[in-house]
Amino acid sequence: MKVRLEKLVISNFRCIGNESVSVDLNDIVVLVGANNTGKSTILRAYEAAVSSSTLSKDDFHNQVIDSDRLPTVELHTLVDEEAAPAIDKWCEVVNDDLYRVKEKWVWSKAGSSNKPERIGFRVDKNDWAKNEDTPKKPWATDNVAMSKRPKAHRVGTFDSPGEQVTAIKQIILDTILQEKIKDHEPENPDFTYTNLIDKFETLKKEFTSVSKEELDEISKQITGIVDKIIPNHNFEFNLSDDLNNDVFKIFEANDLSITFGEIGSNMLPVENHGSGARRTLLWAVLKVLAELGYKATAKNKKYEKIKNEGGHLLLIDEPEISLHPKAVRDACNVLYSLPNNDKWQVMITTHSPSFIDLTKDNTTIIRVEKQDSHIVRATTLFRPDSVSLSPDETEELKLMNMINPNTLEFFFGGKVLIVEGDTEYVAFSKVIEKEQSAPYEDLVVIRANGKVQVSSLMKILNHFKKEYFVLHDTDSLRCKRKKKVTIGDKTFYETSDMVNPAWTNNSKIQAQMSEYSTVYASLINFEFAYFGEEVSSNKPANALEKMEITEEYYKIRSLL
């Protein structure tokens, strides 16, 4: 069975008003934008819809319950014939074996007893189902529909240590251990629930034994995931041998402990570790348990066993928080790899360029921003099928990401200036730091580290239709080449004149010049053009030294 999310449309939900926000989904969706613009609201909206969660008054836009402007979440799901509801009523044909099903959830009231109404789009009537229509929604019951749709798993930003650890314990206690108990066949057939009171201690020991085996196996799987982000550490679930004395309880929270630590050192309770480790452990647990057939409900507080047909959607706020820079890169790799088994889609919010990888062919970058009128907009900045990068350009972008992950900072907004090398970057950074004035407040200076990379970034920015500036070196038309020559027992170098390869790369920049670009070139190079000298080493330091001279400083400021 094949099920994929295609689109999410939200209106009148929290900070999103009557003008709807539309999000095109992919295997990986990265939401970028300033603080408090609605990124987390988008994650919460999907979770609330597919879980049929109730809303408080705070979830209604401007905290106003208006019958003409009710919180609404619309979802487009792509399904194959096996997963499809009645094709003649609910399915828009996409191709021979793929259909689009549209649903929307509408909350008419706030409060713990007021769940949303789910309504389907009737393709046979080209309209949303009305009250008199039968049926009114695809897949009939909500439970069946939930099994056909990717399930939401949410990892919040600022859960406390206690909440995070309790969430992990509760997953195990309420699901796996209880399932094991129900499925367990006692070694002694007389030890059943009918005579449990008399034989309870013996039976509990059997339960403990089989449960420990299950927990050991899950611990290994979670360790395998976490090891990619926090290497050489073990994760363990530990079930106490001294179980509680309540004959009506098999296990309780105090019977289960969770430890984590470096291999060869003491294993410490998860509560003793930092926030980055705890959050990593939580979504690692979610991944393993979801693939075992368990689903997280709202706020990771409860977990239930489900028929795992429709796949999973991981919703994670700011995964970079509290992680070491290397761990950020490793976490990015793990998250990007989740869809490889066709069971997962991932939607994250982030303020880190490290979580943007344009070299993946399954990634959509969306910028969420709040305009002066307080209208929230979501703009698709990048889809791999709409920017045609050659294999060489893809490799160049990979190299740029490795050298300087902040290269892709332009996705987060602001005026963009691309410079070729370190010297220009350092010189302009000095001006921005010293002036701290309006012309530079919203300026993002991107260091491309080479002329070829400049042209690749221009290609991407042209696709976004975003105005930007470029400063690069022309280099010299011709250069000298030394060739090592050995004749007999003598070795020497021959010098010859040749076309400078750096000069020929100017044509790649020219090819990308567009109505959105303003391109400047430093004749020969930055140092020669503005300081009147050639420098072979320590160029950034030399530029800073020159800019201590007032005249030279103002020359560079004027250029910027």
Side-chain angles (χ1 to χ4, degrees), residues 2-8 21-33 39-40 42-43 46 76-78 150 152-153 155 228-229 283 287 311-320 323 328-369 377-413 416 446 453 456-466:
K2 183 177 181 180
V3 180
R4 305 294 289 167
L5 298 177
E6 182 189 36
K7 183 177 243 182
L8 182 64
V21 168
S22 180
V23 177
D24 293 320
L25 296 164
N26 206 333
D27 286 350
I28 303 283
V29 176
V30 182
L31 302 177
V32 301
K39 301 185 299 298
S40 297
I42 292 171
L43 302 192
Y46 176 81
H76 300 184
T77 308
L78 299 178
H153 303 273
V155 179
K228 296 185 174 93
I229 301 171
W283 63 258
K287 177 183 184 297
H312 306 276
L313 176 64
L314 178 63
L315 306 168
I316 181 166
D317 271 306
E318 302 179 38
E320 68 271 15
L323 290 182
V328 167
R329 293 191 291 272
D330 294 335
C332 178
N333 291 333
V334 170
L335 288 173
Y336 271 81
S337 71
L338 283 183
N340 291 348
N341 61 9
D342 293 327
K343 291 182 180 179
W344 285 89
Q345 288 176 271
V346 177
M347 191 186 302
I348 70 171
T349 73
T350 185
H351 294 284
S352 170
S354 295
F355 275 91
I356 295 177
D357 190 344
L358 303 186
T359 65
K360 305 295 185 185
D361 59 2
N362 60 351
T363 304
T364 295
I365 314 295
I366 296 174
R367 183 164 62 235
V368 183
E369 51 195 344
R377 294 199 185 281
T379 305
T380 299
L381 301 180
F382 178 83
R383 287 185 71 94
D385 54 2
S386 58
V387 180
S388 179
L389 295 175
S390 69
D392 286 345
E393 288 170 329
T394 300
E395 288 303 313
E396 288 154 11
L397 280 174
K398 285 182 181 178
L399 182 61
M400 269 194 289
N401 281 350
M402 291 170 61
I403 295 172
N404 179 16
N406 292 328
T407 298
L408 301 181
E409 193 176 336
F410 61 78
F411 277 110
F412 296 83
V416 175
I446 304 296
Q453 290 90 331
S456 296
L457 289 174
M458 290 175 68
K459 188 172 190 177
I460 293 167
L461 286 164
N462 288 336
H463 165 72
F464 301 150
K465 299 179 173 58
K466 181 176 178 64

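Because the structure is predicted, anything quoted here is derived from the model rather than measured.
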Quick check for you: to the nearest 0.5 Å, what is the distance between [X] atom [atom1] and [Y] atom [atom2]?
X	Y	atom1	atom2	value
K39	E369	NZ	CD	11.0 Å
S22	H76	OG	NE2	7.5 Å
F355	I348	CZ	CD1	5.5 Å
I366	T379	CD1	OG1	9.0 Å
D27	S337	CG	OG	11.5 Å

Side-chain touch [X]/[Y], heavy atoms, less than 4.5 angstrom:
X	Y	answer
L43	T349	yes
V3	T77	yes
Y336	T363	yes
I460	N462	no
M347	I42	yes

Looking only at side-chain N and O atoms, does T350 offer a donor or acceptor that is under 3.5 Å from a partner on E320?
yes

Ignoring hydrogens, what is the shortest heavy-atom contact between [X] and [Y]? Give both atom names and the distance.
X	Y	value
D24	V29	O-CG2, 4.1 Å
L335	V346	O-CG2, 3.8 Å
G33	H351	O-CE1, 3.1 Å
Y46	L315	CD2-CD1, 4.0 Å

Quick one: which of L25, L31, V23, N26 gives a side chain to side chain contact (heavy atoms under 4.5 Å, CB included) with T364?
N26

